[in-house]
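Given the structure is predicted, the values throughout are model-derived calculations rather than measurements. So that the names make sense, note that chain A is the first sequence line, chain B the second, and so on, each numbered from 1.
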Amino acid sequence: MAASPERPGLLPLLAGRPEEVAPLLLGAVLRHGDVALRLTEVEAYAGEDDPGSHAYRGPTPRTEVMFGPAGRLYTYFSYGMHVCANVVVGEEGTAAAVLLRAGEVVEGRDIVRQRRPRSSERDLARGPARLCQALDITLEHGGADLGTGPVTIEPGPVRPRWESGPRVGLRQAAERPWRFWLPGEPSVSTYRPAAPRPPR
DNA sequence: GGACTGATGGTCT
DNA sequence: GACCATCAGTCCC
């Protein structure tokens with residue numbers, strides 16, 4: 001292994017503010033079984049003062065885990081067919097989270113190809129639902145502790161250079177520049193503003 | 001590459 | 001009953 005600076009333990013850092021924690025996750029390696037992804041794109045969500053957050057209206061059975069301690073997974077079912085995953089961050093009692101938007105497959109590529117046979121290389125884990133498919137993260141992993149598994153996270157090399165911009169796919173508060181990505185990565189999803197409500 | 005659209009079901013009002 | 005933190009397919013350039 002070439003000597004690259006490693007962050008000593010990511011989990012203690014997750015208790016910070018979501019927009020500060022999110023860039024720390026870039027380059028980190030998320031592992032489940034024999035598949036590992038290097039995170040290339042994430043998105044920060046605050047809690048009850050963020051209209052874009054699921055937790056905006058306070059805790060519900062679905063969003064309860066977001067109000068718990070940092071370092072757990074918050075998973076949800078989206079658009080009737082997709083699973084997306086967040087890392088819960090911030091102090092216990094707040095509802096901050098970081099949505100895992102995209103990653104690059106660094107281990108287990110053959111397994112991911114079997115799971116997503118029609119995907120091109122760059123699409124294997126591009127987008128939050130595809131990322132979950134690639135890692136086989138399901139709703140059952142909601143509440144799982146990244147410190148104990150089965151899904152774990154390892155700090156990546158320090159990445160001083162990242163970019164940020166508007167969040168994707170939100171109608172509420174999409175203007176907060178809380179999407180963070182590693183520039184130049186093919187696995188970063190293209191920015192697409194939330195579609196305006198179709199007239200009816 | 002980009003624009004557009006249908007699929008599909010949990011969650012909350 | 002409306003609202004989605006989406007994806008994949010199709011059509012067009």
Whole angstrom value for the distance that separates C1' of dC3(C) from CD of Q172(A): 11 Å
Secondary-structure string, 5' to 3', Watson-Crick or G-U under 3.5 Å, | for another-strand partners, for DNA chain B: |||||||.||||.
Spacing between R116(A) atom CZ and dT6(C) atom C1', to the nearest angstrom: 11 Å
Qualifying residue, where the test is side-chain contact (heavy atoms from CB on, under 4.5 Å) with L39(A) and the options are V29(A), L25(A), V98(A), V87(A): L25(A)
Listed nucleotide nearest any side-chain atom of R130(A), set dC7(C), dG9(C), dA5(C): dC7(C)
D123(A) CG to R130(A) CZ distance, which is reported to the nearest 0.5 Å: 4.5 Å
Interatomic distance where CG belongs to D123(A) and C1' belongs to dG2(B) [whole Å]: 14 Å
Whole-Å gap separating P (dC4(C)) and OH (Y45(A)): 12 Å
Within 6.0 angstrom of E91(A) CD, more than 12 heavy atoms from elsewhere: no
Interatomic distance where CZ belongs to R167(A) and C1' belongs to dC4(C) [whole Å]: 15 Å
Heavy atoms from other residues, nucleotides or ligands near CD of E121(A) exceed 12 (cutoff 6.0 Å): yes
F77(A) atom CZ, neighbour heavy-atom count above 12 within 6.0 Å: yes
Under 4.0 angstrom between R122(A) side-chain N/O and dG1(B) OP1 or OP2: yes
Nearest-Å distance for atom pair CZ/C1', residues R176(A) and dA5(C): 14 Å
salt_bridge(R167(A), D50(A)) N-O dist < 4.0 Å: yes
Distance, rounded to the nearest Å, where Y76(A) contributes OH and dC7(C) contributes P: 9 Å
Any R118(A) side-chain nitrogen or oxygen under 4.0 Å from OP1 or OP2 of dG9(C): yes
Below 4.0 Å: OP1/OP2 of dA5(C) and any side-chain N or O of R171(A): no
Identified side-chain contact (heavy atoms from CB on, under 4.5 Å) counterpart of P150(A) within the set R31(A), E140(A), H141(A): H141(A)
Base-contact (B) and sugar-phosphate-only (S) positions in nucleotides 8-13 of chain B, heavy-atom cut-off under 4.0 Å, - elsewhere: BBSSSS
Same cluster (ILVMFWY, side-chain, under 4.5 Å), V105(A) and L26(A): yes
Check: Y76(A) ring centroid to H54(A) ring centroid under 6.0 Å: yes
Distance, rounded to the nearest Å, where H82(A) contributes NE2 and dA5(C) contributes C1': 12 Å
